[in-house]
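Protein chains get the first letters and strands the later ones, always in sequence-line order, with residue 1 at the start of each. Since the structure is predicted, the reported quantities are computational estimates derived from the model, not experimental observations.
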There are 2 protein chains.
Amino acid sequence: MKQRLAAIGTVEALPHRVAAFLSREIESGDLNPGSLLPTEQQLSEKFGVSRNVVREAIAQLRADGMVEARQGIGSFVLAPEQRAAIRIDRETLKEGQNMERLFELRCILEAESAALAAERREQEHLDAIKGALDRMSGEERWEDGSIDADLLFHREIARATGNSYIHTFISFVCEQIRRSIYYARQTNPLHDLVEVNVGEHVRIYEALVAGDPAAAEAAMRAHIIGAANRVGVKLPSARGERTGGGK
Amino acid sequence: MKQRLAAIGTVEALPHRVAAFLSREIESGDLNPGSLLPTEQQLSEKFGVSRNVVREAIAQLRADGMVEARQGIGSFVLAPEQRAAIRIDRETLKEGQNMERLFELRCILEAESAALAAERREQEHLDAIKGALDRMSGEERWEDGSIDADLLFHREIARATGNSYIHTFISFVCEQIRRSIYYARQTNPLHDLVEVNVGEHVRIYEALVAGDPAAAEAAMRAHIIGAANRVGVKLPSARGERTGGGK
DNA sequence: GTTATACATATCATCCTACAACCTGAATTG
DNA sequence: CAATTCAGGTTGTAGGATGATATGTATAAC
């Protein structure tokens with residue numbers, strides 16, 4: 001029986017579609033951990049693709065630690081706790097794109113990170129952050145450029161925490177927001193969504209220079225709430241004021 | 001020129017070795033973001049492997065969001081902030097400080113989430129959290145069961161925030177830590193790493209029931225610092241005390 | 001009857017060639 | 001000069017061939 005691979009939305013390459021299909025079958029429990037995948041031959045017949053495509057698909061699953069291939073036997077489905085790696089991809093976050101919640105998550109991550117960065121920043125980090133700040137307020141203030149500088153500013157602060165995971169997560173969330181904004185601007189180009197408030201950034205930078213964690217956290221929280229408001233997202237500020245305003 | 005691919009330790013499949021090589025070249029900056037990878041033909045000659053192997057290697061890099069292949073042109077190296085996925089594998093965590101950094105990230109996420117959950121939790125959430133708590137302290141307290149219940153407890157709190165992004169991220173981090181512990185126990189089974197402190201969990205639960213955000217945040221922060229210590233990770237507690245102890 | 005060896009089979013791993021789909025830039029043509 | 005066509009390069013897919021490895025079976029030896 002030849003299975004039909006649905007191409008939802010964008011046209012993806014065949015290996016990706018096969019991998020997604022198998023991945024869903026594993027996640028949904030149709031393929032129990034410990035069981036064997038069908039052979040590459042069977043899969044290639046089932047999906048009507050070449051064995052090459054099947055192999056690339058399985059390579060993806062293996063990279064994600066979902067299966068383990070053993071030469072001469074087959075590919076075993078691994079239990080979640082046996083997997084060597086886990087991942088979050090954009091597609092996971094696409095579902096229920098909710099700007100308000102995304103900003104909320106960003107606020108949590110960045111506010112605390114700003115405090116950490118204030119404690120740990122070296123001169124090198126301050127220079128990099130200042131560089132981004134200058135680009136933001138400088139002449140090259142055309143739309144996309146200032147957004148890039150804005151994101152760079154935040155990424156550099158995340159980097160100053162010395163924690164690469166924080167850097168990765170914040171970069172990921174910021175990029176997600178940037179894409180959402182970009183998309184919103186295409187559907188509603190009249191609304192100028194790219195306004196960047198330089199003053200708020202300056203206050204964050206000064207707190208970092210001063211090495212004042214509480215001030216950095218408060219400034220960052222105020223900035224993100226402000227940024228959310230500027231793109232039309234009302235962030236419940238109760239938590240922001242409670243935690244950031246105190247001290 | 002034919003490149004020699006080192007097989008360090010275990011014998012890995014060729015695609016994995018090629019992928020690891022390219023991955024290192026990208027991470028180290030030898031291949032700048034935006035630049036093109038050598039063609040599959042060139043790579044296959046360089047490494048002395050077939051184009052098929054090269055393709056599987058690139059498929060892995062693509063799944064990790066490190067490169068983007070465009071038919072008719074080539075494969076572009078993506079900047080970290082452009083990557084479509086966050087991926088953490090166990091090998092990374094074996095390197096010294098990474099576990100500490102992961103706990104630090106977890107602390108940031110979960111502490112604030114606990115505060116949010118204290119404000120927003122419905123009765124349904126409290127019931128689910130209580131259920132996990134009971135499983136943790138109940139008779140079915142064999143090792144893995146109590147770890148599962150522990151993670152469930154944290155996921156349910158994340159769910160009570162009503163923010164699916166927070167839920168996704170916390171699940172991700174918790175799962176990663178769980179696997180590291182699982183792995184560590186295999187290599188050193190004598191050391192009992194699965195000790196779960198029920199008292200700390202009870203205090204968090206009580207703060208949630210009381211609807212007290214500050215108390216929930218403090219209790220969560222104390223718990224995660226404690227959990228880190230119990231697996232031998234010393235978390236810099238300065239931030240923890242500063243933010244969590246106050247009020 | 002039990003054990004040990006050899007063999008056939010199944011499966012993944014790798015290689016090879018060929019062609020299709022697609023992009024780019026240069027040559028051709030109007 | 002502009003538009004079209006064409007040629008070359010690159011990734012995507014197909015299909016077959018061979019090597020490496022695990023498994024079960026049949027045969028032979030004890």
Problem - DNA chain C contacts among residues 57-68 of chain B, heavy-atom distance under 4.0 Å - result: none

Problem - Where at least one partner belongs to residues 159-169 of chain A, residue pairs that pass salt bridge (charged side-chain N to carboxylate O under 4.0 Å, His left out), sequence neighbours excluded - result: A:Glu124-A:Arg159, A:Glu156-A:Arg159

Handout entry: Which residues share a salt bridge (charged side-chain N to carboxylate O under 4.0 Å, His left out) with B:Glu25, sequence neighbours left out
Key = none

Handout entry: Residues forming a ring-ring contact (aromatic ring centres under 6.0 Å, His included) with A:His125, sequence neighbours excluded
Key = none

Fill in the blank from the handout: Residues at least two apart in sequence or cross-chain that pass salt bridge (charged side-chain N to carboxylate O under 4.0 Å, His left out) with A:Glu200, listed by chain then number, are A:Arg230

Just the atom pairs and distances: protein N or O near nucleotides 6-8 of chain C's N or O, under 3.5 Å.
none

Practice task
With sequence neighbours excluded, tell me which residues meet ring-ring contact (aromatic ring centres under 6.0 Å, His included) with B:Phe103.
Solution key: none

Exercise for the section: Assign a letter to each nucleotide of nucleotides 13-21 of chain D from its 5' end: B, base within under 4.0 Å of a protein heavy atom; S, sugar-phosphate only; -, no contact. Expected result: BBB-B-BBB

Exercise for the section: Could you tell me which residues satisfy salt bridge (charged side-chain N to carboxylate O under 4.0 Å, His left out) with B:Arg106, sequence neighbours excluded, listed by chain and number? Expected result: B:Glu110

Problem - Residue pairs involving residues 61-79 of chain B (criterion salt bridge (charged side-chain N to carboxylate O under 4.0 Å, His left out); sequence neighbours excluded) - result: B:Asp64-B:Arg87

Exercise for the section: Apply side-chain contact (heavy atoms from CB on, under 4.5 Å) to A:Pro38 and list each qualifying residue two or more places apart in sequence or on a separate chain. Expected result: A:Gln42, A:Leu43

List the atom pairs, with distances to 0.1 Å, where a side-chain N or O of residues 51-60 of chain B and a protein N or O form a donor-acceptor pair under 3.5 Å, not counting sequence neighbours.
residue, atom, partner, partner atom, Å
B:Arg51, NH1, B:Glu40, OE1, 2.3
B:Asn52, ND2, A:Asn52, OD1, 2.9
B:Arg55, NE, A:Glu56, OE2, 2.9
B:Arg55, NH1, B:Glu40, OE2, 2.9
B:Arg55, NH2, A:Glu56, OE2, 3.4
B:Glu56, OE2, A:Arg55, NE, 2.9
B:Glu56, OE2, A:Arg55, NH2, 3.4

